[in-house]
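Order of the sequence lines fixes the chain letters, A, B, ..., with proteins taken first and strands second; residue numbering starts at 1 for each chain.
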Number of protein chains: 2
Amino acid sequence: MYTIKEVSEKTGVSEHTLRFWAKSGFFPFVKRNQNNIRQFSEDDLGWVRIVQCLRKVGIENKSIKRYIDLCIMGDSTIQERYEIIKTTKEKARKQMEDLKHQLDMLEYKEQFYQNLIKNNLKDSWNPMNKMKENLNCAI
Amino acid sequence: MYTIKEVSEKTGVSEHTLRFWAKSGFFPFVKRNQNNIRQFSEDDLGWVRIVQCLRKVGIENKSIKRYIDLCIMGDSTIQERYEIIKTTKEKARKQMEDLKHQLDMLEYKEQFYQNLIKNNLKDSWNPMNKMKENLNCAI
DNA sequence: TATTATATTAGAGTTACTATCAGTCAAGTA
DNA sequence: TACTTGACTGATAGTAACTCTAATATAATA
């Protein structure tokens, strides 16, 4: 059993956000002790991790709540939950692709600046200066 | 020269967001025609794309503004701009890694539900049912 | 000439936190 | 017994980055 602090440390989700999520109905099975303190079980930790995963892929809280509610409803909703996961996975895959493009662009920019710096120091009248002049345009 | 609509279509950034970014000072060189309509040049399009790239990697608008301002200031800021791009690239690389973990988790979940569905339909008293019972816990 | 399309602006609304405050409660320590 | 610590509650305000709405203007088209 884990306190909210331990869950925060284990998952990297702030205590604030965990309470916010709890209030949003994301952890319906978390028990309290006699002092009203939340006691997260290993399974509850699993819920935290899946919520965290869905959020990181950009699923909005309303949709996460829907998924949680389906889980609570039991076996009859397995198909729908499967579809949600499949769609989310596809979304994550597209994000990976997109992020790869951004990484490529940043690598290109890095090279661009690296050349600029190298040539600026060594040689002030080489062809790179054409680029230099256009710097404000090309960023 | 492109209208805001054309830029939106070319880049996938909404007209709304483009105006918001413009207002934030991200496109200082965009000219207007006699009717006060924005006319994006090919170079301006380049600015849109780099801003889009930085946003997609999660760089906050305040930092983007800083980068834009450095660009305007000219050659003396090349080193600092280079550092920003390098740091951003590193950030993007870390995001890729993290997203890969989320993708792995979603793939695992997909398999989990797939097995559940397959076994539920074919055989109601196999070992998978243990998992089924724990579904609400394991999500 | 009337309508439609596209553009502009200011400003309100939204999401998902994030932070702060005020106050309660219980457990452990000096 | 007083004090500190950690957790809880609720309310409220602030923030980032959009996102949407409304009011208005111009230009092209029927």
Under a plain distance cut-off of 3.5 Å, with no hydrogens placed, do A:Tyr82 and B:Gln114 share a side-chain donor-acceptor pair? yes
Take the protein atom NZ of B:Lys56 and the nucleotide atom C1' of D:dC18, then report the distance between them rounded to whole Å. 15 Å
Going hydrophobic residue to hydrophobic residue with side-chain gaps under 4.5 angstrom, can you get from B:Phe26 over to B:Met73? yes
Please state how far atom CZ in A:Phe40 lies from atom P in D:dA7, giving the value in whole angstrom units. 11 Å
Whole Å only: how far is the NZ atom of B:Lys62 from the C1' atom of D:dA17? 13 Å
Atom-to-atom span, CD1 of A:Ile64 to C1' of C:dT15 - whole angstrom: 12 Å
Closest to the A:Asn36 side chain: C:dC17, D:dC8, D:dC18? D:dC8
Going by an N to O cut-off under 4.0 Å, is there a salt bridge joining A:Glu80 and A:Arg66? yes
Distance (rounded to the nearest 0.5 Å) between A:Asp69 CG and A:Arg81 CZ: 11.0 Å
Taking the side chain of A:Arg38 as its heavy atoms from C-beta onward, which of D:dC8, C:dT8, C:dT18 lies nearest to it? D:dC8
Protein-nucleotide distance (B:Asn33, atom CG; C:dT6, atom C1'), rounded to Å: 12 Å
Hey, is the side chain of A:Arg32 poking within less than 4.0 Å of OP1 or OP2 on C:dA26, counting only N and O atoms? no
Choosing from D:dT26, D:dC18, C:dC17, which nucleotide comes nearest the side chain of A:Thr17? C:dC17
Taking atom CG of A:Leu54 and atom NZ of A:Lys56, what is their separation to the nearest 0.5 Å? 12.0 Å
If we count only N and O atoms by modelled type, under 3.5 Å, do the side chains of B:Glu83 and B:Gln79 hold a donor and an acceptor together? yes
Need to verify one output field. Residue with the more 5' nearest nucleotide on DNA chain D, B:Glu60 or B:Gln34? B:Glu60
Roughly, in whole Å, what's the span from NZ in A:Lys23 to P in C:dA16? 15 Å
DNA chain C: A:Trp21 or A:Asn35, which has the more 5' nearest nucleotide? A:Trp21
I'd like to know whether B:Leu106 forms a side-chain contact (heavy atoms from CB on, under 4.5 Å) with A:Cys53, so could you lay out the CA-CA distance, the side-chain angles of the two residues, the decisive distance to 0.1 Å, and finally the verdict. CA-CA 8 Å; B:Leu106 289 165; A:Cys53 173; 3.9 Å; yes
Could you state the atom-to-atom distance from CZ of B:Phe20 to C1' of D:dT21 in whole Å? 17 Å
Counting only heavy atoms and a strict 4.0 angstrom limit, can you tell me which residues of residues 2-15 of chain B come near DNA chain C? B:Thr3, B:Ile4, B:Lys5, B:Glu15
Heavy atoms from C-beta onward define the side chain here; which of D:dC20, D:dC8, C:dA16 lies closest to that of B:His16? D:dC20
A:Gln52 CD to C:dA16 P, straight-line distance once rounded to whole Å: 16 Å
Categorize B:Arg19 for me: base, sugar-phosphate, or nothing, with a 4.0 angstrom heavy-atom threshold over every strand shown. base
